[in-house]
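The figures here come from the full heavy-atom set of this structure, side chains too, leaving out hydrogens, waters and symmetry mates. Letters A, B, ... mirror the listed sequences (proteins, then strands); counts begin at 1.
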2 protein chains.
Amino acid sequence: MEAGSSRHGSPDAAESQQLRGTNQSGMRDHNERLVLSLVRQSGALAKSDIARMTGLSAQTVSVIMRELEVEGLLLRQEPIRGKIGQPSIPMALNPEGAFFIGLKIGRRSAELVLIDFLGKTRAMLQNSYGYPTPRDTIDFVRSGIAQMRASLTREQDQRIAGLGVAMPFELWSWVDTAGAPREVMDEWRNRDIRADLQTLFSFPVYVQNDATSACGAELVFGDIGALRDFVYFYIGAFAGGGVVLNGRLYSGPTGNAGALGSMPVPGPGGRPTQLIDVASIAVLEKALNAKGIEASYLWTSPEEWRDLGPELDGWIATASDALAYAIVASASVIDFESAVIDGWMPPAIRTRLVQAVQAAIGKIDVEGLRIPSVREGTVGIHARALGGASLPLSERFLIGSTAPSRGV
Amino acid sequence: MEAGSSRHGSPDAAESQQLRGTNQSGMRDHNERLVLSLVRQSGALAKSDIARMTGLSAQTVSVIMRELEVEGLLLRQEPIRGKIGQPSIPMALNPEGAFFIGLKIGRRSAELVLIDFLGKTRAMLQNSYGYPTPRDTIDFVRSGIAQMRASLTREQDQRIAGLGVAMPFELWSWVDTAGAPREVMDEWRNRDIRADLQTLFSFPVYVQNDATSACGAELVFGDIGALRDFVYFYIGAFAGGGVVLNGRLYSGPTGNAGALGSMPVPGPGGRPTQLIDVASIAVLEKALNAKGIEASYLWTSPEEWRDLGPELDGWIATASDALAYAIVASASVIDFESAVIDGWMPPAIRTRLVQAVQAAIGKIDVEGLRIPSVREGTVGIHARALGGASLPLSERFLIGSTAPSRGV
DNA sequence: CAATAATTAAATCACTCTTATTTATTATTG
DNA sequence: CAATAATAAATAAGAGTGATTTAATTATTG
């Protein structure tokens with residue numbers, strides 16, 4: 001259990017140990033994923049475009065894409081005329097090609113989301129609580145998914161490709177601080193939530209760290225352009241992160257890569273603190289509470305916070321210093337092109353935070369490094385649940401890049 | 001040029017942009033590399049072992065390994081008897097299968113090394129200087145390699161698979177601090193050393209960051225067991241590092257991953273400094289010089305330093321605190337299994353340093369992280385040059401793991 | 001109508017897989 | 001102790017899969 005439970009457990013117990021050989025079906029699978037990844041990234045592409053981009057022969061691409069079309073994953077668009085030669089027929093992702101369900105288990109609420117092949121949200125459900133329990137969570141998932149599936153046609157329902165669960169690393173270690181009884185804590189520790197959920201459904205169930213999931217949502221659904229290597233911060237009740245290398249979400253050997261909340265940074269007094277202790281919404285809430293301000297709306301209305309006054313300014317100042325520091329430290333481990341910051345906050349405040357971080361980086365000694373550009377996330381508050389849903393999508397339809405290329 | 005020159009330039013200008021398709025030769029190439037990687041990692045293996053490990057059919061493995069044997073890359077060992085069934089015939093790497101040349105360009109000296117397929121050093125040459133110049137470096141390489149090749153048979157010579165150059169990132173930015181004239185600095189900045197060297201040889205020439213190279217040597221030649229993800233520190237005149245992910249050296253989008261010398265850490269007074277400013281041999285030298293102690297033997301006799309007294313103790317104390325901090329910060333970016341420390345120092349001192357780092361980590365708040373084990377490097381002072389030589393070896397004969405696996 | 005580019009059918013080629021066979025060895029039986 | 005059974009490694013032959021090559025077809029521009 002231990003390390004295993006927080007990995008994204010591949011339900012088929014597939015990748016047994018380490019290094020596998022490649023055979024023809026592996027090759028075809030790889031090329032199919034490649035085509036789908038390119039079409040997802042670039043919009044609609046003609047077969048000839050794909051052939052040029054991949055280096056595969058036109059005929060191979062023709063065969064692969066025709067098959068994907070027959071399977072309902074690609075849709076033929078209007079031919080493009082006006083250029084010399086036979087008009088090209090762009091092929092786009094079919095929104096109805098597949099559906100995915102994401103579940104986020106958070107400190108104060110759970111979210112369930114149903115998305116289509118393009119990542120568009122088709123349905124969303126929420127469940128608030130004082131603290132989560134396995135039993136209630138499973139009930140919520142069972143009834144919630146039943147409700148969502150009822151709204152789908154039989155055809156659509158059969159195209160549900162999986163459920164991805166985004167939850168914090170070692171959930172039980174903080175559930176008790178939320179006032180939960182000890183039994184609940186132990187239940188989370190001892191139960192294999194993935195296995196329990198898997199018994200309910202015929203499609204595969206995956207589990208992944210919540211901030212890593214948010215990062216995955218940014219990668220798959222976000223507007224990141226050609227960005228292929230970035231470090232990602234999600235500032236929620238707690239702070240966490242994720243890592244994208246070579247266009248692929250990297251979750252690490254134990255699934256705990258991007259544990260940026262635990263990054264040591266210089267605290268207010270100059271002594272080292274963890275990032276999470278200065279750059280999380282929980283810290284902001286505490287600061288507000290200390291002033292006697294009721295701040296539960298931080299959790300309930302993330303689209304628009306009231307005017308928060310000096311506490312917010314102070315929070316942004318310290319949080320951005322800490323984030324700047326964490327970004328520089330990250331950049332000395334991996335030469336990321338960008339650092340992306342998103343979180344449970346209104347876009348306007350996210351913008352302020354990012355600007356403050358950019359300014360704060362300027363005050364740090366960065367000799368010997370190329371500092372990543374700092375940008376806002378483009379997915380927003382629901383990134384974790386969407387990232388959960390992106391997990392079955394990635395597993396089934398996308399590809400990384402560190403793959404064997406063509407021979408000579 | 002810019003970013004390009006410090007990448008490991010693939011001489012064939014092969015991997016044009018990003019995502020390539022896979023074809024049969026790619027598949028075969030992948031499986032061949034897989035076999036060689038496994039044999040390198042595990043010593044000698046029978047065909048049936050390989051078949052079990054890779055999931056490939058016995059027949060496929062038979063064909064591949066027979067071919068590798070014919071090519072002279074594998075050697076048939078004595079059959080192993082004493083077990084039921086036909087005795088298995090282990091196949092080992094043929095030491096004469098290929099040769100590789102490594103060049104390290106350092107602050108005070110250059111090293112040239114010739115190794116065989118097992119990584120054993122066949123020849124080594126050194127060249128000391130006040131500061132390096134491109135012209136002298138190229139002369140040294142030309143004559144040095146000519147001398148080395150003269151000692152090889154025609155057969156061996158034809159099996160030289162490449163030259164790998166290990167040199168610091170933006171060499172020119174510190175050459176001037178070594179007292180070099182400005183022209184030399186500019187020459188390094190403006191010249192493409194890889195291209196210049198490539199004109200001299202028919203085998204491919206690669207360039208890579210020096211500390212990253214050292215890390216690669218540890219990965220390929222070191223005694224790391226099953227370790228597949230680690231962060232590596234090389235403490236030389238300066239401090240640098242490297243990153244191994246999934247059993248593969250990761251050099252990052254710009255080739256500057258593992259720039260750990262630039263990691264911000266709490267300095268002596270508690271204010272942030274870069275790791276390089278507290279944990280490098282140059283700092284130790286400076287401390288000794290300040291006490292009026294002549295310390296040039298630090299560079300010339302790294303096998304055995306004289307008794308260094310309190311300055312060494314002080315250096316180990318501050319360096320280990322900083323390293324401990326850098327390791328924790330790295331672990332919050334990637335959940336490394338281990339941190340490996342090596343450098344230009346006698347093994348006994350390396351041992352002390354590692355022990356001090358282990359102790360120092362205990363004093364840091366690591367909640368939410370699994371802390372990597374800290375171990376000594378097993379390659380030693382020549383890791384950079386050997387790592388240079390490992391570069392053509394990896395490019396040509398080894399494989400990472402993030403590759404398409406077998407189909408159903 | 002010539003040139004150009006996209007697409008695809010047919011034939012070919014490379015590589016892995018499955019099945020069956022051979023070979024070498026240990027374990028068991030009479 | 002010889003004969004036989006069991007086991008495992010290695011390989012040969014043939015089948016199957018998927019990419020490539022070659023050539024033909026189609027739609028469009030100029």
A.B. asks: In whole angstrom, give the distance that lies between atom CE of B:Met91 and atom C1' of D:dA10.
C.D. replies: 12 Å

A.B. asks: Run the salt-bridge test on B:Asp157 and B:Arg154 with the 4.0 Å N-O cut-off and return the result as yes or no.
C.D. replies: no

A.B. asks: In the structure shown, which nucleotide is the Watson-Crick or G-U wobble counterpart of C:dA9, with both distances under 3.5 Å?
C.D. replies: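 Here C:dA9 is engaged in a pair, and the nucleotide opposite it is D:dT22.
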
A.B. asks: Looking only at side-chain atoms of B:Thr60, point me to the closest of C:dA9, C:dT16, C:dA24.
C.D. replies: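 Selected nucleotide: C:dT16.
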
A.B. asks: Check whether NZ of the Lys or CZ of the Arg A:Arg40 lies under 6.0 Å from the centre of the six-membered ring of A:Phe117 and within 45 degrees of that ring's axis.
C.D. replies: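 Ring-cation test returns yes.
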
A.B. asks: For A:Gln24 and D:dT20, give me the distance from atom CD to atom P, rounded to whole Å.
C.D. replies: 13 Å

A.B. asks: Atom CE of B:Met27 to atom P of C:dC13: distance rounded to whole Å?
C.D. replies: 17 Å

A.B. asks: Is it true that B:Glu71 and B:Arg159 have a side-chain N and a carboxylate O under 4.0 angstrom from each other?
C.D. replies: no

A.B. asks: Are any of the side-chain nitrogens in A:Glu69 or A:Arg76 under 4.0 Å away from the carboxylate oxygens of its partner?
C.D. replies: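 Yes, this pair counts.
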
A.B. asks: Nearest whole Å is fine: how far is C:dA24 C1' from B:Ile80 CD1?
C.D. replies: 14 Å

A.B. asks: From the list D:dT21, D:dA10, C:dT8, which nucleotide is the closest neighbour of the side chain of A:Ser57?
C.D. replies: D:dT21

A.B. asks: Could you give the CG-to-C1' distance, from B:Leu45 to D:dA10, as a whole number of Å?
C.D. replies: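 Whole-Å distance recorded here is 16 Å.
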
A.B. asks: When you measure from the side chain of A:Asn23, which nucleotide among C:dC15, D:dT11, C:dT16 comes out closest?
C.D. replies: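 Nearest to the side chain of A:Asn23 among the choices is C:dT16.
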
A.B. asks: Please report the distance, rounded to the nearest Å, between CD in B:Gln77 and C1' in D:dA10.
C.D. replies: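 Going from B:Gln77 (CD) to D:dA10 (C1'), I get 17 Å.
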
A.B. asks: Relative to the 5' end of DNA chain C, which residue comes earlier, B:Val63 or A:Ser48, by the nucleotide with the nearest heavy atom?
C.D. replies: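 Final value for this comparison: A:Ser48.
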
A.B. asks: Measure CD1/B:Ile64 against P/D:dA10 and give the value in whole Å, please.
C.D. replies: 14 Å

A.B. asks: Taking only N and O in the side chain of B:Arg66, is any of them less than 4.0 Å away from OP1 or OP2 of D:dA12?
C.D. replies: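 So the side chain of B:Arg66 is within the cut-off, an N or O lying under 4.0 Å from OP1 or OP2 of D:dA12.
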
A.B. asks: On a heavy-atom basis, which atom in B:Pro95 and which in B:Asp116 lie closest, and how many Å separate them?
C.D. replies: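 In terms of heavy atoms, the two residues are closest at O-CB, 3.2 Å.
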
A.B. asks: Pick the closest DNA chain D nucleotide for A:Asn31 and for A:Pro79 by heavy atoms, then say which residue is nearer the 5' end.
C.D. replies: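 The residue closer to the strand's 5' end, by nearest nucleotide, is A:Asn31.
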
A.B. asks: Would you indicate which nucleotide in D:dA12, D:dA9, D:dA19 comes nearest to any side-chain atom of B:Gln59?
C.D. replies: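 Closest of the options to the side chain of B:Gln59: D:dA12.
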
A.B. asks: What is the separation between atom CE on B:Met65 and atom C1' on C:dT16, rounded to the nearest whole Å?
C.D. replies: 17 Å

A.B. asks: When you get a sec, tell me which of C:dT7, D:dA19, C:dA24 is the closest nucleotide to the side chain of A:Ser88?
C.D. replies: C:dT7

A.B. asks: Check this one for me: any side-chain N or O of B:Arg28 less than 4.0 Å away from OP1 or OP2 of C:dT16?
C.D. replies: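 The answer is yes; a side-chain N or O of B:Arg28 sits under 4.0 Å from OP1 or OP2.
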
A.B. asks: What nucleotide among D:dT20, C:dT7, D:dT11 has an atom nearest to a side-chain atom of B:Lys47?
C.D. replies: D:dT11

A.B. asks: Of the candidate nucleotides C:dT16, D:dT11, D:dA9, which contains the atom at the shortest distance from the side chain of B:Gln86?
C.D. replies: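 Of all the options, the side chain of B:Gln86 is nearest to D:dA9.
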
A.B. asks: Please say whether more than 12 non-hydrogen atoms of neighbouring residues, nucleotides or ligands are located less than 6.0 Å from CZ in A:Arg122.
C.D. replies: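 Counting neighbours around CZ of A:Arg122, more than 12 heavy atoms of other residues, nucleotides or ligands fall under 6.0 Å, so yes.
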
A.B. asks: So which nucleotide from C:dT8, D:dT11, C:dA5 ends up closest to the side chain of A:Ser62?
C.D. replies: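 Shortest atom-to-atom distance from the side chain points to C:dT8.
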
A.B. asks: Which nucleotide wins on minimum distance to the side chain of A:Pro87, given the candidates D:dA10, D:dA27, C:dT16?
C.D. replies: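 Side chain of A:Pro87 sits closest to D:dA27.
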
A.B. asks: So which nucleotide does C:dG30 pair with, by the Watson-Crick or G-U wobble rule with both distances under 3.5 Å?
C.D. replies: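 Because both required distances fall under 3.5 Å, C:dG30 counts as paired with D:dC1.
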
